[in-house]
Amino acid sequence: MSATPTHPCLPQASTPRTSIHSTPLPPNRSEVGSAVPDFSPGDPVAVGNIVDSCGMCRMCQAGQENFCREFPTLTYGGADRQDGSTTLGGYSREYVVSNQFAYHLPANLDPAAAAPLLCAGVTVWEPLQALGVGPGSTVAVAGLGGLGHLAVKMATGLGATTSVISRTPDKADEARSLGAQGFVVSTDPEQMEAVRDQFDVAIDTISAPHDPAPYLRVTAMDGTLSHLGHLGPVTVETMDLLIGRKKLSSAGSGGRPSTTAMLHFCAEHGITADIELLPSSQVNRALERLERNDVRYRFVLDMSDLD
């Protein structure tokens, strides 16, 4: 299947002009091959940061291709399972992708604003679903960036009472505009003590190395802290888990069933990422601003200028 995809994760995406076929075709012609079900020429599709997996291991058989024991093939910088070449999906106008890892893009989701859902979105969706977040749940989101702002929107959409924990007091209005009912300044000991043992689920999206202890302390008895933002080593005091039977977990991206469910949920609730859309020719500008943390909350590159 050849497609101009809505692309996540790295700051890029493109408009969903799609041709689906199983063999090369002349320019301006598209067909659907017999081996490509469920798609028609012109269908808008969304392609995530995973484009293949072994399909055989226990994780893949469970619909968790993101946890493939042979490691999933990433859209960019991965090793193609067919010929071993490096995948180059990130900054491409068109590329070939297995139809199994292409998703119908719901008509009411803007392609550019939906692009980050396929990485940041499904990354926070995975623990929210696995931990049973819904009406009656209390959720804390630590960090209000690319992951965090989508976690707030999704937790709120699921019916949870949601709060943001941030070291930046002036993000309170932003948090509430995204749907958060509460806001806690992490550098204020009194505010942190006031929410101790309060949240059924805490979603930690902070990307820099940090101590998870303060976020375990605000997690309720039998609750879970899901550590998503920083993927390096962490040190945990056993007592922070012991007192309250608290759990520390993590997650990353999502399998095909979870990704499909996430897109349907976002379409139903009108959830997309808050983005700034730039032509792909301005990628260096976007990267420079990313270094300064000058984005709310995702850059998306429109690849249609690669004619």
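Scope of the values below: all heavy atoms of this structure, side chains included, with no hydrogens, waters or symmetry mates. One is the number of the first residue; the rest follow in order along the sequence.
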Would you please name every residue forming a salt bridge (Lys or Arg N to Asp or Glu O under 4.0 Å) with [X], sequence neighbours left out?
X	result
Glu193	Arg196
Arg296	Glu174
Asp197	Lys246

May I ask you to decide if [Y]'s main-chain N or O and [X]'s side chain share a donor-acceptor pair within less than 3.5 Å?
X	Y	answer
Thr162	Ala160	yes
Ser137	Gly134	yes
Ser98	Gln100	yes
Asn66	Gly252	yes
Thr87	Leu74	yes
Asp200	Thr138	yes
Ser166	Thr168	yes
His149	Tyr297	no

Is any side-chain heavy atom of [Y] closer than 4.5 Å to one of [X]?
X	Y	value
Val218	Gln198	no
Asp52	Asp80	no
Asn99	Asp38	no
Glu65	Cys57	no
Glu276	Asp294	no
Lys247	Thr219	no

Worked verdict on His264 versus Glu268 for side chain to side chain contact (heavy atoms under 4.5 Å, CB included): CA-CA 6 Å; His264 289 164; Glu268 179 182 353; over 6 Å; no
According to a hydrophobic-cluster definition based on side-chain heavy atoms being under 4.5 Å apart (Ile, Leu, Val, Met, Phe, Trp, Tyr only), do [X] and [Y] belong together?
X	Y	value
Val164	Met192	no
Val295	Val283	yes
Val141	Val184	no
Val201	Leu216	no
Leu147	Leu248	no

Worked verdict on Ser258 versus Glu126 for side chain to side chain donor-acceptor pair (under 3.5 Å): CA-CA 7 Å; Ser258 180; Glu126 183 91 357; 3.2 Å; yes
Within 6.0 Å of CZ in Arg176, more than 12 heavy atoms from elsewhere: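 Yes, the 6.0 Å shell around CZ holds more than 12 heavy atoms from other groups.
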Residue Glu237 excluded, over 12 heavy atoms near CD under 6.0 Å: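 It does not: Glu237 CD has 12 such atoms or fewer within range.
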Test side chain to side chain contact (heavy atoms under 4.5 Å, CB included) applied to Leu118 and Tyr103, step by step: CA-CA 10 Å; Leu118 275 293; Tyr103 306 91; 4.1 Å; yes
Pair Tyr215-His227, side chain to side chain contact (heavy atoms under 4.5 Å, CB included): steps then yes or no: CA-CA 10 Å; Tyr215 307 105; His227 192 81; over 6 Å; no
Aromatic ring pairing His269/Phe265, orientation class (parallel under 30°, perpendicular over 60°, tilted between):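 His269 vs Phe265 ring planes: tilted.
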Whether His104 and Phe39 hold their rings parallel, tilted or perpendicular, with breakpoints at 30° and 60°: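 Because their plane-to-plane angle is under 30°, the rings of His104 and Phe39 count as parallel.
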Any side-chain donor near an acceptor of the partner, Ser280 and Asp305, under 3.5 Å: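 Yes, a side-chain donor-acceptor pair sits under 3.5 Å.
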